Each structure stands twice: as structure tokens, then as C-alpha cells.
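One structure coming up, written as C-alpha cells, with questions to follow.
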Amino acid sequence: MALLRSAQQGEGSSMSVTTGVDGPPKVAFFNDPKVRSIGVQAILIAVIIFFGWQMVQNTLANLERANIASGWGFLDTTAGFDLSFTLIPYSESSTYGRAITVGVLNTILVAFCGIITATIIGFIVGVMRLSKNWLVAKVAEIYIEIARNVPLLVQMFIWYKVVLAALPSPRAAWSIGDTIFLSNRGITIPKFIWGDGAWMIGVAVVAAIAGIVMLKKWAHKRQEATGEQFPVFLTSLAILFGLPLLTYFALGAPVEFEFAEQGNFNLRGGVGLVPEFAALYFALSVYTASFIAEIVRSGILAVNKGQTEASYALGLRPNPALRLVVIPQAMRVIIPPLASQYLNLTKNSSLAVAIGFPELVAAGGTVMNQSGQAVEIITIWMAVYLTISLLTSAFMNWFNARMKLVER
Amino acid sequence: MKRTLLSLALGTAVSLAGITAASAGTLDDVKSKGFIQCGVSQGLIGFSNPDDKNNWTGLDVDFCRAVAGAVFGDGQKVKFTPLSAKERFTALQSGEIDILSRNTTWTMGRDTSLGLVFAGVTYYDGQGFLVKKSLGVDSALKLDGASVCTQTGTTTELNLADYFRANNMKYEVVAFEKADEVIAAYDSGRCDVFTTDQSGLYAERLKLKNPDENVVLPEIISKEPLGPVVRQGDDAWFNVVKWTYFALLNAEEAGVTTANVDDMVANSTDPGIRRLLGVEGDFGKAIGLENNWAANAVKAVGNYGEMFDRNVGPETNLKISRGVNALWSKGGIQYAPPVR
């Protein structure tokens, strides 16, 4: 490559350096652009590595000098404390490592649920904000301005206080037919106990989803060919709920329920969702949705008005015009900032430490304090958030590439 | 460009080296900066609590003032850093504070693996439970299935788990980072039980909407020796803190109080008191202070008994009796080696 370029340069008569008859031009070593660019980059990398190495060494030396134990061995020792909400089996006799895993899973759970809800609310409100109906547009505007201008932590406290204040004590819990209970200890639903052949229901759900995908393809093809429309949405709903239910009864109802009942203090049995989770989930969804709504609005406004007018001219009503013409084009503008909001939501979930939900920062913080391993825990925090964020943005990049304007 | 990077690198390296060198001796550092940075709680009545003018009061606060009295002859040369249970050890390890006096339980793990060392026990405590009277519970053994509010990063949450496991009882824990959030959650009915050190229960109960509708259960489920903490490997400072604590106890035992300390210095003939107050001997010099260090400590806050009575004693809202915190000569276990 270098040879080739030198050869090309050699041919140029405007070169000021003297060129040999058939050799490369004699450029001073330090002025060779190739050498310079590689040299500078190499030095930069060396400096960064030197700094990183220095930091690690310095930290280790300081920890040792201050007699602070370090290393990863603590992850295998018994934690000795309990956590209020776990997705995997966990007790006081589990290890610190498992406590952190519980925290990671809780973070992923709340981030996942929050992202879905925030996206749905955000799209609805964003479209409402552009409505020609004055009242609808104003309601959306007021919601956005309140939700995005009140600090998230404050909203979290408000939700938490509201949830706790509005609900009765467990002794006077509200119940729906003694199956679902609602109190200031959270929602309790019956626990499913899977019997023989219950796995067939799972198979039915998968089959239903596959069926819906096929149905959608078929309906699309038919519409292209004949112009006839098919009520895909309603049929899909029927399949999604109908097929598993049919399987359930065909198998002779193999699922039993363990109902919650009144205990001395709390409800016993059943599966519970704690109010801390609800407060965190509502706050994150409502707060992030207000930003997403504005992103959606900007995306829709970025689509040329001619597109809407053209679809009206083709006879589309406003709803299909929005759904089939405007939003697909708006997605190009919406997706990149949407990805940032998803990352924000995930990281904002760490504020849960203030309302006592054991997500990564809260659980990790407890481990940090009980074991004294501050450096290790902070490393874990950084690594986990970095991984979650990178995976989210990888997914959003893939999604973005798919949604790019396909020009025919 | 390269030169900037290089100088940046060198500069940072030097400054990193500078940080490591700065924490050579806390006593010298404290003397040269002119005050003690004392880590306290974020507000626990009787132990460390700020008023609306940011004047701190409490037993833990007074202990820092006593150390300031011993070092500077002026108990006001203290600055306070409020810390959550979770932040406290890191703050001390990193050198942000000089002494941690924040109702902190002395345990083997904390004493040996954190690079810290406990200098004494200013309050012997034990963990208890607070419940609403309306629940009709009279013993901690009847708490099976209850929701319990507690603070994260404390020995409390570990003892709680141990106690319920040992007695084969189920419970649900709700853990918050700040003491105020714990008590607010308990007050709003999120939990049936609030647990912390017993002294803390009496103090936090005062913050409830209706303190009288809540009762402290009789069981004490753990040993919680609370005391000041300093960094390990800094013996000069450790000696100052440890002997200030002993001096306060010795002063009470010898009957030296804020009221009579000047008189004692001038007129006492008791050799033990003369040594304690620096009239005889060079004991203050031995720990790097003036010989009248103990007299100054007593002038700043009084002896241990005065400190106790003023902050948590029967005359205060907390109404805690001396109990096990009385001097050894009066049936308690507070005991100090002699100044000799």
C-alpha cells in the first residue's frame, strides 16, 4: 500500500521533494504521514495502558498498605441477610455472589417491564400531543410537562407514598373473590402448581405465537393479491388466549392453585409483588414515557407533510395513514434517541435504593457494606451496567438497521 | 500534543503519589489543619443529631468534642460529616474523616478485615424490636410471618436473619438506606416491626406520629458494643482516641466534673487525679499532646457520666438508665485502665 502510494506520488510532478529515478521519495522519517499517524496512536495507546496499569497497581498497593482485604473470594461466603424480592431462590444462607445475581435479575426485570410500558405510553401520548382535538392535545402536553420536569427521585417517593397510603393493612386487605389480594404489602396472587402434562400449555402458547405469525403473512399476501382485508388483530388475540385455554381443559385442568390466606401479620402463601417494585416501575415508566412522547412527536413532525396529504389523496383515512405511512417513516428519526431513553431508564432504576427495592445497586451496596469490598463491588456495578447498556444498544442498532428507509 | 499528554501523565502520577503520602499520621494532620473531621449519623436523637442551626448534639458527637478538647484544648474544633450506614467505613478508609463516631457495632470482621480498628465502647447496646401496640404482640418469638423494616449495611439486618432462622420463624425484610426512610416506612404501615439497637428504638420512636401507640419488646437479641473507629496502623492517633475515652471514664470514677475540674487541677492532693489531670507526670506528652489533655477533654464535654446523662439519660426524652453502661464500681461494665 505504502509502495503504491509512493509510486503514485512519485509520478506527480508537483512534488517538492526530490525523487529518485525508481525509488520512493525521500521524506524525512518524522514527516511521513503514515509513520506519524501510527506513531501518535501507538503513544496514545501506550499512555492509556500505562495509566490503567498504574491505577490498578496503585489501588492494590493502597489496599494492602491499609490492611483492607481484597480479591473475589468474598463472593462465595455466606451473605447472612435477606432480600425482600427475589426471582431466584435466595435465603440468608446464600452467598454474596447470589445476592448480587438477585440484584442483577431485579434490575433487568424492572428495566424490561419499564421499557415496554414507557414505550407504549410514550407512543400514545406522543400521537395525542399532535391531535387536532384541543383537549386531547392539552392533556398530553400537561402530562409531558409535569412528568419530565419533576425529578425522578421525587416521583418515586410520591408513587411510593401514594401506594402505601392508599392501600389497607394486610389484615384488612382488599380481595377479589379471595384469590387476588391487595394491601400495603403488595399484590398477592395464587401460586401456580404445575401438574402432569402442564408443559403442554407452554407448547400451546408457542404454537399460538407461530400461528399468529403465519396468519399475518397469509393475510398480507392475500391483501396484496386481492385487496381484501382480514381482521388480523382480533383473530390473533383469540388464538393467543384460546389455544392455551383449550389445551388446559383438554388435559383435564392440570394446574392447581395455592391461594393466599390471612396469617398473623401477613398473607401466607401465594405469589407476591412488593409495593417497592410497583412504585419503581410506575415512576420509571411515567417519567421516561414523557421523553419518549416528545421523541415520537419530533419523529412524526419530521415526516414531510406531503406524505400525509398523498395518503389522504389515495383514500386512506387518518388512522391508517398514520399507522401505514407516517409512523414507519418517523421510526428512522425516533429509534436513535429512543435507544438513549432505554439506556437512561435502565440506569435510573438504580434510584430504587431510596425506596428499598433490592436491585443491583441496593443489593450490591448491602454486600459492599457487609463485606467491606468496595472496590470489587463498584467494579461489578460498572461491568453489569456496561454490559446491559451495550446489549441494549446492540439490539437497538440492529432494529434501526431493519427500520431504515428501504428505497425501491 | 505529545508534550501535553506527557506532562498530564506525569502530573497525575505525582498527584496519585501525593495522595498516598498524605495520610502518614492522622494526629499530625489533625494538628496542622486545626480541627477534627468526625463522621456521625444522619440524625439519631441522643447520639448524633443536628438542630435547625446545624449544632450537633449527642453522645457520639460529644466524644468527638472530647477528643478535640484533648488535642486542641477546645471542644468546638470539630467538623461533622453525616454518613449513612453504608458510607461510613469507606469514608474512614479513604481518609475523608479522621474518626468514625457513629453508633457503630464492634465486630471481629470490621475490626480485622476493613483496615480499621475500634478504640473502645462508648455505649453497650443490644438489638431490639418495636411493634404497634394494636398488634397485641408481647414477645419477639411471636413475630412469625411479620414484615420487618431495617437499615441496610448494618449488623442489625444480619442479627435479624440469624434470630428468625434460629427460631425457625418466617419473615419479610424491607431494607432502606437511611434511618429516616426506615422509620417512615414503619409509620406508614409497610412493616409490622421496626428493628435496630435498643437505644435507637427509643430515639426513633420519638419521630413517630403517635409514639405511645408503639412498644419496645423485651427481648434483646444481640450484643452491640458501639464505639469510635479509626484507621488501622496509625497508632499515635489510635492512642489519642483510646485514651480520651479512658480519661472520660477515669474522670467519672475519680469524681472529676466540668464544674470542679479547674479546682481539682489547682487543689487536688489525690495522686491518681493529679496524674490524670497532668499535674504530675508526662502522660500527655507520651501520646503527643499537652499534659493537661484529660482536663481539657473533661472541660469540653464533662466526664462519661455527665455525657451520658446529658444526651440519653433518665432526664432526657430517651429516658435510658445507665444499666450495663454504669461504671464497673457501680454494677456496670464500663472500666478503664489507670493512668500510671
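Every heavy atom of this structure was used, including side-chain atoms; hydrogens, water molecules and symmetry mates were not. Here the structure is a predicted model, which is why all the values come from computation and not from measurement. Residue numbering restarts at 1 for every chain, and letters A, B, ... go by the order of the sequence lines.
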Based on non-hydrogen pairs under 4.5 Å, which of A/S169, A/A165, A/A374, A/P275 is most in contact with chain B?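 Heavy-atom pairs under 4.5 Å are most numerous for A/P275.
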Given side chains that start at C-beta, do those of B/K86 and A/V353 come closer than 4.5 Å, heavy atoms only?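 Touching, per the 4.5 Å side-chain cut-off.
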Can B/D192 and A/R185 be counted as an ion pair, charged N to O under 4.0 angstrom?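 The answer is yes: the pair qualifies as a salt bridge.
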Other residues, nucleotides, ligands: >12 heavy atoms within 6.0 Å of A/N31 CG: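 Yes - once you tally the heavy atoms of other residues, nucleotides and ligands closer than 6.0 Å, there are more than 12.
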Pick one of side chain, backbone, both or neither for B/Y171, based on which atoms fall under 4.5 Å of a heavy atom in chain A.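 Both backbone and side chain.
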Sort B/V137 into side chain, backbone, both or neither according to what part of it lies under 4.5 angstrom from a heavy atom of chain A.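 For B/V137, the side chain is the part near chain A, not the backbone.
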Non-hydrogen atoms of chain A under 4.5 Å away: do they reach the side chain of B/K178, the backbone, both or neither?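 Neither part; nothing is under 4.5 Å.
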Drop me the distance from A/D82's CG to B/R165's CZ, to the nearest 0.5 angstrom.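 Spacing of CG (A/D82) from CZ (B/R165) equals 10.0 Å.
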Can you tell me how far apart CD (A/Q370) and OG1 (B/T152) are? Round to the nearest 0.5 Å.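 These two atoms lie 8.5 Å from each other.
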Between B/A85 and chain A, which part of the residue has a heavy atom less than 4.5 Å away: side chain, backbone, both or neither?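 For B/A85, backbone heavy atoms alone lie under 4.5 Å from chain A.
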Side chain proximity check, A/F265 to B/L143, heavy atoms < 4.5 angstrom: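 A side-chain contact exists here, since the closest heavy-atom pair is under 4.5 Å.
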Test A/F81 against every option in B/L160, B/L158, B/T156 by the side-chain contact (heavy atoms from CB on, under 4.5 Å) rule and name the one that passes.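 Of all the options given, the one that passes is B/L158.
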Heavy-atom proximity to chain B below 4.5 Å, by part of A/A79: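 Answer is backbone: N, CA, C or O of A/A79 sit under 4.5 Å from chain B.
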Close side-chain approach of A/I68 to B/Q93, heavy-atom, < 4.5 Å: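 A side-chain contact under 4.5 Å exists here.
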Can you say whether B/E157 sits under 4.5 Å from chain A via the side chain, the backbone, both, or neither, judging by heavy atoms?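 Looking at B/E157, backbone and side chain both touch chain A.
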Residue A/E276 versus chain B: region with a heavy atom under 4.5 Å: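 Only the side chain of A/E276 comes within 4.5 Å of chain B.
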Quick one: closest heavy-atom pair of A/G80 and B/A161, and the distance?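 So the minimum-distance heavy-atom pair works out to O-CB, 3.1 Å.
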Measure A/F157 against the heavy atoms of chain B and call it side chain, backbone, both or neither at under 4.5 Å.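 Just the side chain, heavy atoms under 4.5 Å.
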Residues of residues 83-100 of chain A contacting chain B, heavy-atom criterion under 4.5 Å, by residue number: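 Residues A/L83, A/S84, A/E92, A/S93 are the ones that qualify, each having a heavy atom under 4.5 Å from chain B.
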Is there side-chain contact between A/V274 and B/E172, with at least one heavy-atom pair below 4.5 Å?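 Yes, side chains in contact.
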Engaged part of B/A175 at the chain A interface, taking heavy atoms whose separation is under 4.5 Å: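 When you check distances to chain A, only backbone atoms of B/A175 fall under 4.5 Å.
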Take atom NZ of B/K33 as the centre, draw a 6.0 Å sphere, and report whether it contains more than 12 heavy atoms from other residues, nucleotides or ligands.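 Buried by this count: over 12 neighbours within 6.0 Å.
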Which answer fits B/C149, side chain, backbone, both or neither, if we ask what part of it has an atom under 4.5 Å from a heavy atom of chain A?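 When you check distances to chain A, no heavy atom of B/C149 falls under 4.5 Å.
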Need one label for B/T107: side chain, backbone, both or neither, based on atoms under 4.5 Å from any heavy atom in chain A.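 Contact with chain A: none, neither part.
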Show every donor-acceptor pair shorter than 3.5 Å between a side-chain atom in residues 112-120 of chain B and any protein atom, with sequence neighbours excluded, or say none if there are none.
unit_1, atom_1, unit_2, atom_2, d
B/T112, OG1, B/M108, O, 2.7
B/S113, OG, B/G109, O, 3.0

Looking at every heavy atom in both B/F89 and A/N369, which two are closest together, and how far apart are they?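 Taking every non-hydrogen atom into account, CD1-ND2, 3.9 Å.
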Do you know which of B/A184, B/A185, B/G189 has the most heavy-atom pairs under 4.5 Å to chain A?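 Answer, by heavy-atom pair count under 4.5 Å with chain A: B/G189.
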